[in-house]
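Working notes, beginning with the structure itself.
Predicted model only: the values in this text are computed from it and were never measured.
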Amino acid sequence: MAAGMTKRLYALAASLGLVERNNKDDPFHQLVYGVTEKTSVSDLTAAEAKIVERELIQRMKLSNQSKPLKHKSSKINTVPGMMTVQQQNLAWRLVYRLDELQPTHTTVGDRLVGAIQKELGITASVKQPFRWINFEDGTKLIEQLKRYVRSAERRAAKKAGAG
């Protein structure tokens, strides 16, 4: 097998955290043995290397799927005295939970902007909904969103019990 393929396999395995330096019994070598029954990566044929490569790529895809998606607005620079990133993330989680329980024709961003307008009287944009909300107002918004979610959960439980 070509040295380039060996390097590629080690690079893929390292990106998954399977390689341990100076350890021939690390998870990567266990994977190679499990797939090909060979103990050394350099002993692999080109076809066996392709099989190992496919397995590593499949594992990379699976590991990327398990990572939570980040909302675009989480990249906002926080300003002292304004809503923290943690508050913003919690607000988004609550709005997404509310949307799961009570789907509507509006987007989740529009729903959040509407809640900000209704509860705080602040006109917000979908791109930067938390721009004008200070820490205290952020706390009030989160508490109100929690109430919305609890109410929606009660309605869903009632509906499930009646249905």
Side-chain angles (χ1 to χ4, degrees), residues 8-21 26-36 49-163:
R8 177 166 170 72
L9 293 177
Y10 270 101
L12 289 169
S15 70
L16 287 166
L18 300 176
V19 178
E20 296 173 8
R21 191 175 191 116
D26 61 4
F28 173 54
H29 286 88
Q30 291 174 4
L31 177 128
V32 169
Y33 182 78
V35 172
T36 65
K50 281 290 185 188
I51 294 169
V52 171
E53 180 184 34
R54 268 188 257 135
E55 177 63 27
L56 290 169
I57 290 171
Q58 183 62 32
R59 288 183 182 209
M60 288 180 87
K61 287 179 183 175
L62 292 174
S63 71
N64 286 338
Q65 286 178 352
S66 64
K67 292 179 184 175
L69 298 175
K70 292 189 177 186
H71 198 276
K72 291 178 185 175
S73 68
S74 66
K75 295 177 184 175
I76 285 179
N77 296 330
T78 55
V79 178
M82 302 305 272
M83 271 185 88
T84 64
V85 172
Q86 293 83 5
Q87 283 181 311
Q88 293 175 25
N89 290 338
L90 178 55
W92 278 116
R93 283 195 306 273
L94 289 168
V95 173
Y96 273 102
R97 176 68 178 140
L98 184 61
D99 193 56
E100 287 174 16
L101 295 166
Q102 292 180 327
T104 63
H105 63 282
T106 63
T107 66
V108 177
D110 288 335
R111 202 167 195 176
L112 177 62
V113 168
I116 292 169
Q117 174 68 39
K118 180 179 178 188
E119 299 306 323
L120 304 176
I122 296 172
T123 304
S125 71
V126 176
K127 288 186 178 181
Q128 292 184 337
F130 307 111
R131 183 178 185 138
W132 307 109
I133 303 175
N134 63 30
F135 182 84
E136 294 80 23
D137 285 341
T139 303
K140 290 176 193 173
L141 175 66
I142 288 168
E143 290 306 314
Q144 192 58 44
L145 290 172
K146 286 179 184 177
R147 286 186 196 102
Y148 290 168
V149 169
R150 279 194 301 267
S151 176
E153 287 173 339
R154 280 195 303 269
R155 282 191 209 113
K158 232 184 229 187
K159 189 175 183 180

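For the pair Gln102 and Leu98, the minimum side-chain heavy-atom distance is below 4.5 Å. Counting heavy atoms from C-beta outward, Gln144 and Lys118 have side chains that stay 4.5 Å or more apart. Here the side chains of Pro27 and Glu20 are in contact, with some heavy-atom distance below 4.5 Å. Contact check for Phe130 versus Met82: no side-chain heavy atoms found under the 4.5 Å cut-off. Residues Leu90 and Leu94 form a side-chain contact, since some pair of their non-hydrogen atoms from C-beta on lies under 4.5 Å apart. Arg111 is not listed as a side-chain neighbour of Tyr148, based on a closest heavy-atom distance of 4.5 Å or more.
Between the CZ atom in Arg131 and the CD1 atom in Ile116 there is a gap of 13.5 Å [rounded to 0.5 Å]. Here Ile142 contributes atom CD1 and Met83 contributes atom CE; the two are 4.5 Å apart, rounded to the nearest 0.5 Å. The CG atom of Leu18 lies 6.5 Å from the CZ atom of Arg59; values are rounded to the nearest 0.5 Å. The line from OH of Tyr96 to CG of Leu112 is 9.5 Å long, rounded to the nearest 0.5 Å. Remark: Ile51 CD1 to Leu56 CG distance equals 12.0 Å, nearest 0.5 Å. Rounded to the nearest 0.5 angstrom, Asp110 CG and His105 NE2 are separated by 9.0 Å.
Checked for salt-bridge contact, Glu53 and Lys50 meet the test: a charged N lies under 4.0 Å from a carboxylate O. Checked for salt-bridge contact, Lys140 and Glu143 miss the test: no charged N lies under 4.0 Å from a carboxylate O.
Side-chain polar atoms of Arg147 and Ser151 form no donor-acceptor pair below 3.5 angstrom.
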What's the verdict on side-chain contact (heavy atoms from CB on, under 4.5 Å) for Leu12 and Phe28, showing C-alpha distance, side-chain angles and the deciding distance?
-> CA-CA 10 Å; Leu12 289 169; Phe28 173 54; over 6 Å; no
Under the side-chain contact (heavy atoms from CB on, under 4.5 Å) criterion, do Glu153 and Val149 qualify, and how do the steps go?
-> CA-CA 6 Å; Glu153 287 173 339; Val149 169; 3.7 Å; yes
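Pairing each heavy atom of Leu145 with each of Ala115, the nearest pair is CD2-CB, 4.0 Å. Summarising the geometry of Gly138 relative to Ile133, their closest heavy-atom pair is N-CG2, 3.4 Å, with the distance given to 0.1 Å. Nearest heavy-atom pair, Ala49 versus Leu9, reported as atom, atom and distance to 0.1 Å: O-CD2, 3.7 Å. Across all non-hydrogen atoms, the minimal contact from Ala124 to Pro129 is CB-O, 3.4 Å.
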